[in-house]
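Down below is the structure, laid out as structure tokens.
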2 protein chains.
Amino acid sequence: MRPNDIADALEELVFTGEFRDGDRLDEITLAARFGVSRTPIREALQRLVVSGLAEQLPRRGVFIRQPGPVDLMEMFETMAEIEAACGRLAALRITDAALASLQQANARCLAAVTAGDADGYYRENQTFHHVIYHETGNSFLEQEALRLNRRLSPFRRVQLRWRGRMAQSMAEHETVVAALRDGDSVRAADTLRAHVAVQGEKFHQLIASLRLAAQ
Amino acid sequence: MRPNDIADALEELVFTGEFRDGDRLDEITLAARFGVSRTPIREALQRLVVSGLAEQLPRRGVFIRQPGPVDLMEMFETMAEIEAACGRLAALRITDAALASLQQANARCLAAVTAGDADGYYRENQTFHHVIYHETGNSFLEQEALRLNRRLSPFRRVQLRWRGRMAQSMAEHETVVAALRDGDSVRAADTLRAHVAVQGEKFHQLIASLRLAAQ
DNA sequence: GTCAATCACCTTGTATACAAGAAATTGCTT
DNA sequence: AAGCAATTTCTTGTATACAAGGTGATTGAC
């Protein structure tokens, strides 16, 4: 197992909640667990620290750093702004083929909603957003969007469990597609921002999901 | 010298052009240069790779990866969108004190322009933008903006050498301040995006600066 | 003379040994 | 018994030794 894979595995363990906020990631224990020496473990831990999932205190070790309510609000607000930017650029550049695939993803979303298939909805929702990132024609922005999207995915996932959220999200997707189809960059940005933003009831859902994760 | 400092020093060497695109960063040479063993060098190199300044080919080494024209265009476009987002939020939240410090920074910018002091202008221009990042009230977004700003700083710096650019940039700052003062989030976003965007003559300047750097 | 295969050397990647600092435990003092 | 200090132990940080893979050169064959 290589340091990259170890870092991915550790990320997964953070996301799934095996590691809690404040936990110290002991190098020796992890080395034993992954069957390697401390060296590749240290490299993996460094990656966690750089990506913001953990914090390093010199001569003390690295500690899991789960975002608190304020951090999450800030990250979701930033995500909303980045999605808005993606929508703005995509409205100017999206291809007909990509528009069609957006509508296909939406159709599959709808099918998942009616089937009550939360996992399926989550998957198709992801492709919907990924297509928009890609259609910015800006691979750098695309990567940044993917990075933040991935970082927030564990929290977005919990939100979908809420009654009626999937249907509402679907409707918002439709308005986004309409704006993109019309090449209306302002409307594309505004609808996407509103879609991603965490406000009103969604805020309470988010806090609730935090309490669940902290159990 | 600790890995963090070594990484900073290496970044600096990349920015100042001592390391060129495609150069391999030899662990042994660097270890000798910094008077440490390969271990802290490897940690520093990892940081460079994660931050996108270098590329790692397994069993081959890490290589400096200077952005090409396309990369730069994408990065500047992304920066423009992020600045626009910062302007949008700052317009809603900026304090009177911060507005005053923006105007002060602008005044010092003007003084630098008339004095032909490019370095002074660069410095005050940076504080101008940093204040806006901060006034988003969103420290996560602020950090992201600072990160990308820092990454692009070597390229922005060269652009200021161009005749008339400083005066034009100044005028744009004034329109930004006006929009922020009026709490007009749309205009703040639009003026900041236009200010940062690389279009028309600025595009040619950027390419020219690239050729200079590649000498 | 050129191309290919093999071999030697060099570099990266991993394990381990060593150094230095932090925490915990134990013993002493009040 | 409680608090403080010293020592011990454990962890991180760094250096070095070892393993594995890649590059390049040299030699041999066509």
Any residue meeting ring pair (Phe, Tyr, Trp, His ring centres under 6.0 Å) with [X], in chain and number order, not counting sequence neighbours:
X         : result
Phe140(B) : none
His130(A) : Tyr133(A)
His129(A) : His173(A), His195(A)

Under the rule for salt bridge (charged side-chain N to carboxylate O under 4.0 Å, His left out), what residues qualify as partners of Arg33(A), not counting sequence neighbours? Glu18(A)
Along nucleotides 10-17 of chain C, 5' to 3', which nucleotides get a B, which get an S, and which get a -, given that the test is a protein heavy-atom distance under 4.0 Å? -SBBBBBB
In chain order, what residues pass the side-chain hydrogen bond (donor to acceptor under 3.5 Å, both in side chains) check against Arg108(A), with sequence neighbours excluded? Glu124(A)
